[in-house]
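A short write-up of the structure that comes next.
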Amino acid sequence: SGVLLKFEIYTGKEEHDSELPDVGVSGNVVLRLTKILQKHMNHKVYYDNWFSSVNLIVELEKMGIQSLVTVRPNRLPGCSFTSDKEMKRQGRGTVEEKVASVEGVDVIALKWYDNKPVHLVSSFAGAYPTSTVRRWDKKEKKNIEIQCPSAIIIYNKFMGGVDLMDSLIALYR
């Protein structure tokens, strides 16, 4: 919806909240901001790769908060996907999904190749079912339809609220 619930202004190094587990500097920000949410009430949070890690997703899930996030590939230890070069050869819309149990929490990691590879990790959404999306193809000079994982559709839908909020805030600087 683009409505802000809680925020922090970065003012330098923050002391770790001893009530919360330590999941790294950026992950701790997410834990502090979600601290006000009621636990086990089917809340879902979405954030970008600056904050994401497997440990954060696990800790949020233990609190009953599900998450779906973009992730940097180096933050997926022990998870190897098909190379970018091979996915490019297979074509746009190629998707690969891996599922692992971490401390009793199912974590779903996926890689989707659009114009470039996109990595996501989630505690509730995966690649399937896929749907189709329209993309411009430079070679054919027309829109084409490619396969798109459901996690991408969900992520884009809800991160749109964050983008809307950023846009609304920019009007009042």
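Along the sequence shown, residues carry numbers from 1. What's counted below: heavy atoms across the whole structure, side chains too, no hydrogens, waters or symmetry copies. These numbers were taken from a predicted model, which means no experiment stands behind them.
- Tracing side-chain contacts under 4.5 Å through hydrophobic residues (I, L, V, M, F, W, Y), one reaches Val118 starting from Val133; they form part of the same cluster.
- The OH atom of Tyr128 sits 12.0 Å away from atom CD1 of Ile108, with the distance rounded to the nearest 0.5 Å.
- In this structure, Asp106 and Ser101 approach most closely via the heavy-atom pair OD1-CB, 3.8 Å.
- Linking Ile, Leu, Val, Met, Phe, Trp and Tyr whenever their side-chain heavy atoms come within less than 4.5 Å puts Ile36 and Val23 in one cluster.
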Pairs under 3.5 angstrom only: tabulate donor-acceptor contacts from the side chains of residues 50-79 to other protein residues two or more places apart or in another chain.
| residue | atom | partner | partner atom | Å |
| --- | --- | --- | --- | --- |
| Ser52 | OG | Thr70 | O | 2.8 |
| Ser53 | OG | Leu56 | N | 3.1 |
| Glu61 | OE1 | Ser123 | OG | 3.0 |
| Lys62 | NZ | Glu103 | OE1 | 2.4 |
| Gln66 | OE1 | Lys44 | NZ | 3.1 |
| Thr70 | OG1 | Asn49 | N | 3.0 |
| Arg72 | NE | Asn49 | OD1 | 3.1 |
| Arg72 | NH2 | Asn49 | OD1 | 3.3 |
| Arg75 | NH1 | Asn49 | O | 3.0 |
| Arg75 | NH1 | Trp50 | O | 3.1 |
| Arg75 | NH1 | Ser52 | O | 2.9 |

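- Note that the CD atom of Glu19 and the CZ atom of Arg32 stand 12.5 Å from one another [nearest 0.5 Å].
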Could you tabulate the donor-acceptor pairs under 3.5 Å formed by side-chain atoms of residues 140-153, not counting sequence neighbours?
| residue | atom | partner | partner atom | Å |
| --- | --- | --- | --- | --- |
| Gln147 | OE1 | Thr130 | OG1 | 2.7 |
| Ser150 | OG | Gly126 | O | 2.9 |

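- Using a 30° and 60° split on the angle between ring planes, Phe158 and Tyr46 fall in the parallel class, below 30°.
- Within a 6.0 Å radius of CD1 in Ile9, no more than 12 heavy atoms belonging to other residues, nucleotides or ligands are found.
- No more than 12 heavy-atom neighbours from other residues, nucleotides or ligands sit within 6.0 angstrom of NZ on Lys13.
- A side-chain donor-acceptor contact under 3.5 Å links Lys39 to the backbone of Leu37.
- Between Glu97 and Val95, the closest side-chain pair of non-hydrogen atoms is not below 4.5 Å.
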Candidate pair Asn28 and Leu20, rule side chain to side chain contact (heavy atoms under 4.5 Å, CB included), full reasoning | CA-CA 8 Å; Asn28 289 344; Leu20 299 170; over 6 Å; no
Step-by-step side chain to side chain contact (heavy atoms under 4.5 Å, CB included) determination, Phe81 to Met87 | CA-CA 10 Å; Phe81 287 107; Met87 286 188 106; 5.7 Å; no
Stepwise side chain to side chain contact (heavy atoms under 4.5 Å, CB included) test for Thr82 and Lys111 = CA-CA 9 Å; Thr82 303; Lys111 179 179 181 180; 5.5 Å; no
Given side chain to side chain contact (heavy atoms under 4.5 Å, CB included), test His43 with Val45 step by step and report yes or no.
-> CA-CA 7 Å; His43 290 292; Val45 294; 5.6 Å; no
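- Looking only at distances, a side-chain donor or acceptor of Asp22 sits under 3.5 Å from a matching main-chain atom of Gly24.
- Other residues, nucleotides and ligands contribute at most 12 non-hydrogen atoms within 6.0 Å of the CD atom of Gln38.
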